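Only a predicted model underlies this, so the values are computations on that prediction, with no experimental measurement involved.
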Amino acid sequence: MIGFLKNIWCFLMGRVNIHISPQSPSKSVKNFRIRRVYPIIAVLVIVFIVFNLGFLYKNYESKYKIAKNNLIELKGVKEKKEKLKEELLTLSRETEKLKKDLTALKKYNNKINLMISDNDKKTNKKEKSKNENLKLKTAFSYNYQLLEQGIPRGGGDFGLLYHNTEELIKSMQRNINVVKEEIPEQKETLQSLEKNVKKYNEKKAATPTVWPVKDNGDSYISSNFGWRNDPTTSKREFHEGLDIAVWYNNPVIATAYGKVSYTGWQNGFGWVVKIKHGFGYETIYGHLNRIEVEEGDKVKRGQTIALTGNSGRSTGPHLHYEVRVNGSPKNPKDYIGG
């Protein structure tokens, strides 16, 4: 074994001659003598360097591919994030618009509430009950906070990677679609209600409801509606109104809103005022002393239209008061204070 190693050592330390012959004859040949170990070491160093370079290249290539994939993935995430932010912004704008539409509907609802008269407590309770059923039951009533989250706010990023943003967007879109469907229906309902309320209030305004004389409580009913013996002829006749005994020149008032359809002299009733109130209602005021309105005048409930008197066929100063519905006489007592 020692001999073998000694032979190797002698081989490595042995010298070799290297001749370099130039192509030009004018240049001299160069001779070098070096030990065999040096070229061998040089070759080993070169092999080591090449091996390490190959290893480093493979390692670099692997890391480069990983970095490239991460970069592509990060770019995709960034694009997705930007897209989600745009969708959130779009949905938030839609939400703001729907909130404005909803606010407008609520104001519309309040406007209708103000139109409902408070004079009749029973009617008012019914209307109030109806109004409670008309609350705007939209997605905002139970998902308002969720929708509110989609509204962009200043400062900082959204942090979309840390939230289930896609589910948020889907939920917002579902809510917005529900509201979009409900708003036209709600608007149609309110428009229908507004028409009904207007018609109701117009009919209420046209319905005679008050005592027709400003008399400080001094007047009284001297003859009721219905069959009676006529005070001037003593014949059995149907009395189509009320006779209200009152002294001269007490103000006679319109018992409902309406338009004066006739003023003048009418046999038996003397000076007369007739008012058409609409919805088939008409009131007649007879035996007047003086008329304060003209045909075609629009009058309000409680407005003075004449002064009491004793004109026409009468046994004393009083007001003859009639209420007619579609031309048929009705008992005025059923409307006074109604």
Engineer: Going by an N to O cut-off under 4.0 Å, is there a salt bridge joining Asp243 and Arg228?
Structural biologist: yes

Engineer: Rounded to the nearest 0.5 Å, what's the gap from CG on Asn250 to CG on Leu307? Could you check?
Structural biologist: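 Reported to 0.5 Å precision, the distance equals 8.5 Å.
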
Engineer: Compare every heavy atom of Ala254 with every heavy atom of Val299, then report the nearest pair and how far apart it is.
Structural biologist: CG2-CB, 4.0 Å

Engineer: Checking Tyr285 against Thr283: is there a side-chain donor and acceptor pair closer than 3.5 Å?
Structural biologist: yes

Engineer: Taking all heavy atoms of Lys300 and all of Tyr257, pick out the closest pair and write down the distance.
Structural biologist: CG-CE2, 3.6 Å

Engineer: Do Ile244 and Ser222 touch side chain to side chain, with heavy atoms closer than 4.5 Å?
Structural biologist: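 Side-chain contact under 4.5 Å: no.
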
Engineer: Is there a donor-acceptor contact under 3.5 Å from the side chain of Ser314 to the main chain of Gly316?
Structural biologist: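 Yes, Ser314 side chain to Gly316 backbone: donor-acceptor pair under 3.5 Å.
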
Engineer: Are any non-hydrogen side-chain atoms of Ser261 and Glu295 less than 4.5 angstrom apart?
Structural biologist: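 Counting from C-beta outward, Ser261 and Glu295 never come under 4.5 Å.
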
Engineer: Is there side-chain contact between Arg324 and Lys330, with heavy atoms separated by less than 4.5 Å?
Structural biologist: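 Heavy-atom side-chain distance check fails, nothing below 4.5 Å.
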
Engineer: Ignoring hydrogens and geometry, is there a side-chain-to-backbone donor-acceptor pair from Asp297 to Glu294 under 3.5 Å?
Structural biologist: yes

Engineer: With rounding to the nearest 0.5 Å, note down the distance linking CG in Leu114 to CG in Asn109.
Structural biologist: 10.0 Å

Engineer: How long is the gap from OH on Tyr60 to CZ on Phe55, to the nearest 0.5 Å?
Structural biologist: 15.5 Å

Engineer: Check whether any side-chain heavy atom of Phe225 sits under 4.5 Å from a side-chain heavy atom of Glu322, and report yes or no.
Structural biologist: no

Engineer: Considering the options Thr255, Thr209, Thr207, which one meets the side chain to side chain donor-acceptor pair (under 3.5 Å) requirement together with Arg301?
Structural biologist: Thr209

Engineer: Closer than 3.5 angstrom, by distance alone: can the side chain of Asn69 be matched with the main-chain N or O of Lys65 as a donor-acceptor pair?
Structural biologist: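 Yes, because the side chain of Asn69 sits within donor-acceptor range (under 3.5 Å) of the backbone of Lys65.
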
Engineer: Identify the two heavy atoms, one from Gly264 and one from Ile291, that lie closest to each other, and give their separation to 0.1 Å.
Structural biologist: N-CD1, 3.8 Å

Engineer: Any side-chain heavy-atom pair from Leu105 and Ile183 closer than 4.5 angstrom?
Structural biologist: yes

Engineer: Is Glu202 salt-bridged to Lys198, cutoff N-O under 4.0 Å?
Structural biologist: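 Lys198 and Glu202: not salt-bridged.
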
Engineer: Salt bridge check: are Glu292 and Arg290 linked by an N-O gap of less than 4.0 Å?
Structural biologist: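 Between Arg290 and Glu292 there is a salt bridge, with a charged N closer than 4.0 Å to a carboxylate O.
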
Engineer: Is Val246 close to Pro317 at the side-chain level, that is, under 4.5 Å between some pair of heavy atoms?
Structural biologist: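 A side-chain contact under 4.5 Å is absent here.
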
Engineer: When clusters are formed by joining ILVMFWY residues with side-chain heavy atoms under 4.5 Å apart, either directly or through shared neighbours, do Val325 and Phe238 land in the same one?
Structural biologist: yes

Engineer: Is a donor on one side and an acceptor on the other found under 3.5 Å between the side chain of Thr189 and the backbone of Glu185?
Structural biologist: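 Yes; at least one donor-acceptor contact below 3.5 Å.
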
Engineer: Between Phe269 and His320, does the ring pair (Phe, Tyr, Trp, His ring centres under 6.0 Å) criterion hold? Intermediate values first, please.
Structural biologist: CA-CA 8 Å; Phe269 292 111; His320 176 81; 4.6 Å; yes

Engineer: Between Phe279 and Lys199, which heavy-atom pair has the shortest distance, and what is it?
Structural biologist: CZ-O, 3.8 Å

Engineer: So do the side chains of Leu242 and Asn224 get within less than 4.5 Å of each other, counting heavy atoms only?
Structural biologist: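 Touching, per the 4.5 Å side-chain cut-off.
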
Engineer: With the side chain counted from C-beta on, respond yes when Tyr321 and Pro208 share a heavy-atom pair under 4.5 Å apart, and no when they do not.
Structural biologist: yes

Engineer: How many angstroms lie between CG in Asn70 and NZ in Lys68, if you round to the nearest 0.5 Å?
Structural biologist: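 Going from the CG atom of Asn70 to the NZ atom of Lys68 covers 12.5 Å.
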
Engineer: Give a yes or no on this: more than 12 heavy atoms of other residues, nucleotides or ligands lie within 6.0 Å of atom CH2 of Trp265.
Structural biologist: yes

Engineer: Evaluate Val210 against Ile253 for side chain to side chain contact (heavy atoms under 4.5 Å, CB included), listing each step before the verdict.
Structural biologist: CA-CA 9 Å; Val210 296; Ile253 61 173; 4.2 Å; yes

Engineer: Hey, is the main chain of Phe48 close enough, under 3.5 Å, to the side chain of Asn52 for a donor-acceptor pair?
Structural biologist: yes

Engineer: Do Leu44 and Leu53 share a hydrophobic cluster (ILVMFWY, side-chain heavy atoms under 4.5 Å, transitive)?
Structural biologist: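 Yes, same cluster.
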
Engineer: Is there a path of hydrophobic side-chain contacts, each under 4.5 Å between heavy atoms of I, L, V, M, F, W or Y residues, that connects Tyr335 with Val273?
Structural biologist: yes

Engineer: Parallel, tilted or perpendicular, judged at 30° and 60°: which one describes the rings of His287 and His318?
Structural biologist: tilted

Engineer: Mind running side chain to side chain contact (heavy atoms under 4.5 Å, CB included) on Val272 and Lys274 for me, showing each step along the way?
Structural biologist: CA-CA 7 Å; Val272 171; Lys274 295 183 181 181; 4.0 Å; yes

Engineer: Assess whether atom CD of Glu73 is packed by more than 12 heavy atoms of other residues, nucleotides or ligands within 6.0 Å.
Structural biologist: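 Result for CD/Glu73: open.
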
Engineer: Out of curiosity, Asp101 CG to Lys187 NZ, how far, rounded to the nearest 0.5 Å?
Structural biologist: 8.0 Å

Engineer: Specify the closest pair of heavy atoms between Ser311 and Gly270, including all atoms of both residues, with the distance to one decimal.
Structural biologist: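 Minimum heavy-atom contact is OG-CA, 3.6 Å.
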
Engineer: I'd like to know if the side chain of Asn331 and the backbone of Lys333 have a donor-acceptor N/O pair within less than 3.5 Å.
Structural biologist: yes

Engineer: Indicate if Val45 and Tyr38 have the same hydrophobic cluster label, given that clusters are the connected sets of ILVMFWY residues with side-chain heavy-atom separations under 4.5 angstrom.
Structural biologist: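 Hydrophobic grouping puts Val45 with Tyr38.
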
Engineer: To check you understand the geometry: which heavy-atom pair defines the closest contact between Val213 and Leu319, and what is its length?
Structural biologist: CG2-CD2, 3.4 Å

Engineer: Spell out, yes or no, whether Val252 and Ile275 are grouped together once hydrophobic residues are joined by side-chain heavy atoms under 4.5 Å, including indirect joins.
Structural biologist: yes

Engineer: Once rounded to the nearest 0.5 Å, what's the spacing between atom CD1 of Ile284 and atom CD of Gln266?
Structural biologist: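 Interatomic distance, Ile284 CD1 to Gln266 CD, rounded to 0.5 Å: 7.0 Å.
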
Engineer: More than 12 heavy atoms of other residues, nucleotides or ligands under 6.0 Å from OH of Tyr248: is that the case?
Structural biologist: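 Yes, because the 6.0 Å sphere around OH of Tyr248 holds more than 12 heavy atoms from other groups.
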
